[in-house]
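Notes follow once the structure below has been shown.
Lettering of chains follows the sequences in order, A, B, ..., and the numbering in each one begins at 1. What's counted below: heavy atoms across the whole structure, side chains too, no hydrogens, waters or symmetry copies.
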Amino acid sequence: MTALPAAEIDAHSRPLMTGAQAVVRTLEDLGVRRIFGYPGGAIMPVYDALVGSKLEHILVRHEQAASFAADAQARLTGKAGVCLATSGPGATNLLTGIANAYMDSVPMVILTGQVPSTLMGTDAFQEVDVFGMSLPVVKHSMIVRHAEDIPATIREAFEIAEEGRPGPVLVDLPKDTLQASMAFETAMSAPTPAPSRASDDSIEEALSLLRAARRPVLYMGGGIALGHAVEAARDFMARTGIPTVATLKAIGCAHPDAQNYLGMLGMHGTRAANMAVQESDLLICCGARFDDRATGKPDQFAPHARIIHMDLDHAEIGKLRGVDAAIRGDLQDALARLDAGYLAIDSWRTLCRNRKQEFAFSYDAPGSGIYAPGLLKELSETAGDDFIAACDVGQHQMWVAQHCRFARPENHLTSAGLGAMGYGLPAGIGAALERPDSKVVTVTGDGSIMMNIQELATARRYGVPIRILLLDNASLGLVRQWQELFFDQNFSEIDLYDNPDFAEVARAFGVEAFTIHSRDEVPGAIQRLLNATGPILAHCLIDPRENVWPLVPPGKSNAEMMED
Amino acid sequence: MHNIRIQLAEREGALVRLLSNIERRGFIIESLHKTAAQNGVTDIAARITPRGERSLDVLTRQLSRLFDVMDVHTPMPAHMASHAMPPGEPSCRQPQ
């Protein structure tokens, strides 16, 4: 199509433009710098308008990657990531990434092309009801019916995505609204409502529980990072000396060297963390939601504990566990007001610290093969505070959570709630584009990388400084581990013996790659990865029999941890 | 069986979003009444039954956070509206 000249104006001096130009102009006005997308029929007017715009468009090779990359950018910046796709298959391919953002409360704006309004509901070519299909996995969604609504709708989508508990917001754009001429008017932002503040009564109630507790534990969740409360949480830990555990999403909230930080809780949590929670008499759940992977068998989770639940989202309170005190509101503010002084719990604190030492991971695995936990620990410590990991899903994801050092929670990009294999490579691309000077490492497996391996082309095209650490055990390792332990070693469809040569595959995409087999090659591989300035893949062959330990069996209490 | 009344902004998709949320969160919609919109607002009255052991109080808050929902009203006993439940008692196991 031919774009209308933007210089034309109407009688009120408003510039005349197409709906598609208004989409681009509104994104520019909102300060969006980068969008991830893939063109196609219904969204073509927007692609037409993108030419010459201030927006940097990253062309992925599968729409799912656009949503994952936008998700990673949003996690790093706290601002909504933007992805763009056409109707039909373009839109359905985005859905996994939308669900991922929803499960982890990531702000995202999804723009989908749609068939023209007159054809909607007629089973037109490349028509799917993406509004309906995405309903359970969006915070909100809108269909634009008139071109002149585009600026206000998109602006509102950003506001909803970012306010309160963040989440994805979808805007469906029928092609006729994109092609229609309109008089552009900059939509005014509604004043951002201040996050609600917890009541004084609820703070007092919590303080009295905290002062009376003999074995309190702070259970940190992803809401701390989302609520910009990392410093407040660290202050609270230092002020009270409270033993602290974290969910998968809260890794990095505590300073990694904090004495009273006991590590991750739950299915693959540390023994020190799980024992502390099980024995606690007061659990302060801060920005977490009692997810089953964290709690194990829910009625045996922290069985002796009274519960203080702090959350900005009222709907989480009492969802899975009754509470004794509910602090509903901004976590940063609430943590600052929860001023109980240094808690007189010396024997409990000492017990927790001693267990942390006693059950610390050891890295002296026998043999000369690559020991993945040791490699990951060394990699993160060598990279330092600039280390950002974009994980895929499986054993390697849990090893990253257990063994890597993270200075900040946003540096740990992981598909926590959805557990979506295929996240790692596109998320790493999104992260490395946003933080080119950080040490961004995609940690993936031979199963996961195949879910979005086409994104090597994206990494290559834009020269993205992404380091890919591929831990290859020639199997779907976490499924294999469960079949070994819980399905009588009845191994079913987990053997990936015929994987391609991943280093060759990477080189075919124009990505530097090398393979290592033995432990003595690890230090050199880490240096080579971290010193790379463009995309690079390290293919590491590891022992297929290696498992993730410790492990709470499904349906069991966190007190029943299995060890190697 | 619970009665629930919801004030809803009359926007495209608002009704289906509301109803799908009630079902997805584990409630059966036994009966349903919707008024014609006045000033862009419609009233929904429904009788709902939890499919398993689900808390109406939590559902109320899950519906309240929807962008189109302006108000949710459930005439229920005060103890069920309270957040206070016995320690160790998962709310989803609360007696009906």
Q) Non-hydrogen atoms of chain B under 4.5 Å away: do they reach the side chain of A:Glu156, the backbone, both or neither? A) side chain
**Q.** A:Arg211 CZ: over 12 foreign heavy atoms closer than 6.0 Å
**A.** yes
Q. Do side-chain atoms of B:Arg17 reach the backbone of A:Ser141 as a donor and acceptor pair under 3.5 angstrom?
A. yes
Q: Check the pair A:Met142, B:Glu12 against side-chain contact (heavy atoms from CB on, under 4.5 Å), reporting the backbone distance first and the verdict last.
A: CA-CA 8 Å; A:Met142 296 97 113; B:Glu12 184 168 3; over 6 Å; no
Q: May I ask you to name which of A:Gly132, A:Gly164, A:Pro136 has the most heavy-atom pairs under 4.5 Å with chain B?
A: A:Pro136
Q. So which heavy atom on B:Ser20 is nearest to which on A:Leu135, and how close?
A. OG-CD1, 4.5 Å
Q | Within 6.0 angstrom of B:Arg5 CZ, more than 12 heavy atoms from elsewhere | A | no
Q: Would you sort out whether A:Glu316 and B:Arg65 count as a side-chain contact (heavy atoms from CB on, under 4.5 Å), showing the intermediate values?
A: CA-CA 11 Å; A:Glu316 288 302 339; B:Arg65 68 182 175 179; 4.1 Å; yes
Q. Measuring heavy-atom distances to chain B, does A:Ile143 have an atom under 4.5 Å in its side chain, in its backbone, in both, or in neither?
A. both
Q.
Taking NZ in B:Lys34 as the centre, count heavy atoms belonging to other residues, nucleotides or ligands within less than 6.0 Å. Is the count above 12?
A. yes
Q | Option that, when pairs with chain A are counted at under 4.5 Å, heavy atom only, ranks first among B:Leu66, B:Asn21, B:Asp68 | A | B:Asp68
Q | side-chain contact (heavy atoms from CB on, under 4.5 Å) evaluation trace for B:Arg61 with A:Lys319 | A | CA-CA 10 Å; B:Arg61 285 182 266 125; A:Lys319 184 178 78 176; over 6 Å; no
